[in-house]
Amino acid sequence: MMVTTSNSPAGHGSPASSRRNSGAKAPPGSSDPTRPDIALATAIASDDESNPTNRRGRRVAPTSAPSSPPPHPTSRIEAPSGMNRRIWSKGTMYGRQRWRVRLSTGPVVKASLAIAERTGGERSSNRSDGGSVMDRTLSPWRADGRSTIGSGESAGPAGVDTSARRPFLVESRPVLECSMSWITVKSAFASPVGTPVTLKGWVRTNRESKADGGLCFLAVSDGTCFDPIQCVIKGGGPGAVGNFDQVQRLTTGCSVEVDGSVVASQGKGQSVEVLVDGSAGGAVRVVGLVENPDTYPVSNKRHTFEYLREQAHLRVRTNTFGAVARVRHTLSMAMHRFFHERDFFYVHTPIVTASDCEGAGQMFRVSTLDMLNPPRVAGAGGKDTPGPIDYSQDFFGKEAHLTVSGQLNVETYCSALSRVYTFGPTFRAENSNTSRHLAEFWMIEPEIAFADLTDDARLAEDFIKHLIRAVLDERPDDMKFFEERIEKGLLARLGDVLEKPFLHLPYTEAIRILEKAIAAGQVFEYPVKWGSDLQSEHERFLTEQHFKQPVVLMNYPKQIKAFYMRVNDPGTDSAPGETVAAMDVLVPAVGEIIGGSQREERLEVLDARIEEMKLPAKEYWWYRDLRRYGTVPHAGFGLGFERAMMFLTGMQNVRDVIPFPRTPKSADF
RNA sequence: UCCCCGAUAGCUCAAUGGUAGAGCGACCGGCUGUUAACCGGUAGGUUCUAGGUUCGAGUCCUAGUCGGGGAGCCA
């Protein structure tokens with residue numbers, strides 16, 4: 001089935017699609033000045049100084065006609081009837097023309113294959129990772145959708161990023177708005193001048209002017225993009241809105257509906273705005289007022305993160321937390337997409353666990369017993385001493401806790417579905433109060449069958465690079481904010497990680513490097529010794545000073561790692577002691593971001609480890625069964641979702657990258 | 001859990017043991033296609049809690065609560 005060309009772009013779409021298509025008739029090479037995200041995309045990657053941006057990164061005034069790629073016949077490409085698909089150009093990215101394909105229904109792969117045939121000659125190769133947007137999006141090579149983890153086909157030399165050549169499809173955009181009577185602020189920014197719009201959102205700022213007989217400048221945000229849109233409300237002359245006095249009194253946080261039309265802005269600071277002219281049907285309807293503006297907790301001023309944590313229900317209305325929320329969503333979707341496109345299955349591992357064998361720290365108890373008067377085991381403690389609590393009378397008939405990891409459970413599904421992952425909340429009752437720890441956090445744990453530690457490390461690298469690309473591609477507006485206000489140099493740091501292959505380094509070798517550094521005068525607070533775990537200062541030294549790039553540390557001493565990690569053959573890495581196939585991925589500025597291992601698949605070795613660590617062997621009966629019935633080598637890792645958020649946004653405190661943080665002594669909201 | 005720091009107006013912070021202050025925000029007015037606006041004015045306080053020392057405590061002492069940074073543990 002081919003995607004054909006046509007001169008009637010509006011023939012198969014909703015009104016919204018017509019609007020976009022007509023908008024796309026502008027020279028597609030030009031960054032749309034009404035789209036801050038596109039302007040940013042250009043700004044991130046290009047050294048082209050001809051795109052003046054103002055402080056917020058918007059194009060201030062379009063310069064002369066852009067000279068970049070000649071018009072591409074996007075708007076003439078049309079799907080066969082009944083397929084409901086649209087294609088449009090979105091401007092440039094990394095100096096290349098960027099295309100997006102939208103497919104509401106229908107066979108995605110076939111469509112993109114057909115397109116690839118049309119554009120197959122248009123490879124670009126100036127990306128440092130060897131890929132390009134065009135390659136990733138449209139090339140026939142990847143249009144077959146085949147995933148290649150662990151196979152010879154795409155798994156290049158160790159450390160070479162191959163994920164760029166894997167399927168990267170289609171941006172999905174909300175179709176929903178088409179059936180609603182209003183549009184999002186994000187869509188309004190993308191609408192051509194002259195489009196009548198109805199917006200619904202919250203007032204960010206309200207400025208007044210006496211010009212033109214009275215104007216109000218309402219900055220309205222609905223959270224769908226970083227920037228609020230400026231609504232100019234007329235208060236004098238024939239265009240005055242009836243409730244202008246009410247509009248004048250609107251304060252930060254009020255919710256409103258605005259009818260108006262998209263116009264080119266007369267002021268500086270934004271290229272388009274929404275003009276509300278009463279004589280042209282414009283109106284402002286107040287939905288909800290802020291009842292006491294004086295005490296509105298997130299008034300229009302700077303607030304500390306500490307303060308905003310105490311206002312977690314309102315903090316998402318601020319620039320920072322809105323951006324965090326959008327990036328968090330994007331990261332979540334990107335993660336699922338990464339695995340889905342590589343034939344991984346998402347497994348919902350349990351939150352409540354009645355097995356006492358997860359062994360990763362303090363657990364939260366789950367119980368329905370009467371805490372004041374729990375049942376006791378009869379006679380166990382003699383007449384006067386009460387026996388231990390009788391959990392056989394508890395809800396599950398035994399002790400139950402909240403999970404500290406989905407790994408053991410997900411290994412079972414791995415032993416049948418080959419490639420699986422779990423993503424869910426995880427609970428640790430440790431009394432640790434730091435900027436990197438939560439009592440409730442989210443963790444991603446993939447598990448791959450027939451894989452060894454190298455496959456695992458390669459997957460981790462592909463995964464991290466995919467996540468970086470996703471947030472840069474999809475949330476340029478928010479990422480620009482993080483770069484400017486949260487961490488200067490963030491984009492360079494991420495670009496660096498994207499660019500360089502991860503270095504694989506045996507633990508034993510890392511110890512040698514650290515010892516040499518000490519001999520050369522490097523001072524550490526903690527000693528370095530084969531057999532002890534590396535301190536974060538050691539990890540930072542390796543990744544930030546010595547190698548200045550991401551490092552995958554591999555093959556740790558057996559005694560400092562978990563029982564399920566595969567015991568290496570003697571002599572691996574010429575280590576002075578026994579090692580296990582564990583790995584930690586270290587990245588500059590954040591440190592350890594991933595921990596993983598190849599799992600012990602040999603029953604007798606596993607049993608020996610369980611025995612050695614004095615673990616309750618009985619509890620592991622089902623885990624041991626995996627080794628008794630068709631055991632396979634397998635490996636996996638865990639990525640803390642909030643730590644990934646910190647890595648990607650530059651936010652310094654884990655409590656600020658999760659909507660409602662749970663920490664010791666704190667579970668408000 | 002350990003070490004260090006902190007808590008004063010809606011927010012951020014001042015205030016030798018002696019009358020509770022500023023900036024921002026809010027409100028009122030002026031000016032302005034405004035946009036960290038600007039100019040003038042007004043209101044706003046049980047100084048975290050409970051004890052103690054003192055003629056007198058925001059300030060000093062004790063205990064507690066909460067918050068922040070670091071360590072450990074980890075993701």
Side-chain angles (χ1 to χ4, degrees), chain A residues 54-56 58 204-219 227-235 248-249 251-253 263-270 273 275 290-311 314 318-319 359-362 404-407 425-445 485 525-526 533 535-537 539 560-562 584-585 590-596 637-647 652-655 657-658 663-666 668:
Chain A
N54 70 359
R55 195 180 48 78
R56 292 183 184 171
R58 301 187 192 122
R204 276 295 178 79
T205 59
N206 183 9
R207 291 179 294 271
E208 231 184 304
S209 171
K210 289 288 194 302
D212 298 350
L215 293 175
C216 269
F217 298 91
L218 282 187
D227 283 301
I229 196 164
Q230 175 162 280
C231 301
V232 183
I233 292 91
K234 289 198 165 193
Q248 284 175 298
R249 292 195 304 272
T251 56
T252 303
V263 298
S265 180
Q266 294 177 37
K268 293 170 185 164
Q270 61 283 315
E273 62 195 15
L275 180 64
V290 169
E291 57 182 38
N292 185 358
D294 190 32
T295 58
Y296 181 55
V298 289
S299 60
N300 186 33
K301 64 180 298 300
R302 286 200 167 188
H303 296 286
T304 59
F305 291 154
E306 292 82 6
Y307 168 71
L308 289 171
R309 263 169 232 152
E310 295 165 9
Q311 309 293 338
L314 297 172
T318 65
N319 283 338
Q362 290 293 306
V404 294
S405 165
Q407 182 200 315
T426 307
F427 306 87
R428 305 269 166 96
E430 304 286 355
N431 188 14
S432 59
N433 206 330
T434 81
S435 58
R436 303 183 317 284
H437 289 85
L438 291 167
E440 177 184 279
F441 64 99
W442 287 65
M443 190 154 64
I444 305 136
E445 295 172 289
R485 296 300 178 87
E525 191 182 341
Y526 291 89
D533 215 349
Q535 301 293 320
S536 56
E537 58 173 346
E539 297 178 343
I560 58 172
K561 290 294 181 181
D584 282 351
V585 179
V590 171
E592 181 185 336
I593 191 166
I594 278 180
F637 62 78
L639 170 76
F641 192 70
E642 285 73 24
R643 291 201 180 163
M645 281 293 296
M646 294 168 75
F647 168 68
Q652 295 280 304
N653 195 309
V654 72
R655 297 165 194 138
V657 295
I658 189 169
T663 54
K665 302 275 191 293
S666 173
D668 294 334

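Just so it is clear: chains get the letters A, B, ... in the order the sequence lines come, proteins before strands, and each one is counted from 1. Quick note: numbers below take in every heavy atom, side chains included, and nothing from hydrogens, waters or symmetry partners.
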**Item:** N/O donor-acceptor pair, side chain A:Glu208 with base B:U32, under 3.5 angstrom
**Value:** no

**Asked** Got a donor-acceptor pair under 3.5 Å from the side chain of A:His303 to the base of B:C11?
**Response** no

Would you say [X] places a side-chain N or O within less than 4.0 Å of OP1 or OP2 belonging to [N]?
X: A:Arg485; N: B:A36; result: no
X: A:Ser435; N: B:G70; result: yes
X: A:Ser209; N: B:G33; result: yes
X: A:Gln266; N: B:U34; result: no
X: A:Thr304; N: B:U12; result: yes
X: A:Arg309; N: B:G68; result: yes
X: A:Arg655; N: B:G68; result: yes
X: A:Asn653; N: B:G69; result: yes

Watson-Crick or G-U wobble partner for [N], using a 3.5 Å limit on both distances?
N: B:A36; result: none
N: B:G56; result: none
N: B:U46; result: none
N: B:G23; result: B:C11
N: B:A71; result: B:U1

Determine whether a donor-acceptor pair (N or O, by modelled atom type, separation under 3.5 Å) exists between the side chain of [X] and the backbone of [Y].
X: A:Tyr526; Y: A:Ser536; answer: no
X: A:Glu642; Y: A:Arg655; answer: no
X: A:Glu273; Y: A:Val232; answer: no

Whole-Å [atom1] distance, [N] and [M]:
N: B:G45; M: B:G21; atom1: P; answer: 14 Å
N: B:G44; M: B:A63; atom1: C1'; answer: 33 Å
N: B:G23; M: B:G40; atom1: P; answer: 10 Å
N: B:G18; M: B:U1; atom1: P; answer: 38 Å
N: B:G70; M: B:C27; atom1: C1'; answer: 44 Å
N: B:C13; M: B:A7; atom1: C1'; answer: 12 Å
N: B:C2; M: B:A20; atom1: C1'; answer: 38 Å
N: B:C5; M: B:A9; atom1: C1'; answer: 24 Å

**Item:** Donor on one side chain, acceptor on other, A:Glu445 and A:Ser405, under 3.5 Å
**Value:** yes

**Asked** Do A:Thr205 and A:Arg207 have a side chain donor and acceptor closer than 3.5 Å?
**Response** yes

**Contact nearer the 5' end of RNA chain B, comparing A:Lys665 with A:Tyr526** = A:Lys665

**Fill in**
On RNA chain B, more 5' by nearest nucleotide between A:Phe217 and A:Ile560 is A:Phe217

**Item:** A:Ser435 versus A:Met646, closest heavy-atom pair with distance
**Value:** O-CE, 3.7 Å

Is [X] touching bases, backbone alone, or none of the nucleic acid, heavy atoms closer than 4.0 Å?
X: A:Gly267; value: base
X: A:Val654; value: nothing
X: A:Ser299; value: sugar-phosphate

**Item:** Length of the line joining A:Asn292:CG and B:G25:C1', which is rounded to integer Å
**Value:** 12 Å

**Distance in angstrom units between A:Arg207 CZ and B:C38 C1', rounded** = 13 Å

**Message:** Looking only at the side chain of A:Gln270 (C-beta and beyond, no hydrogens), which of the listed nucleotides B:U34, B:G67, B:A71 gets closest?
**Reply:** B:U34

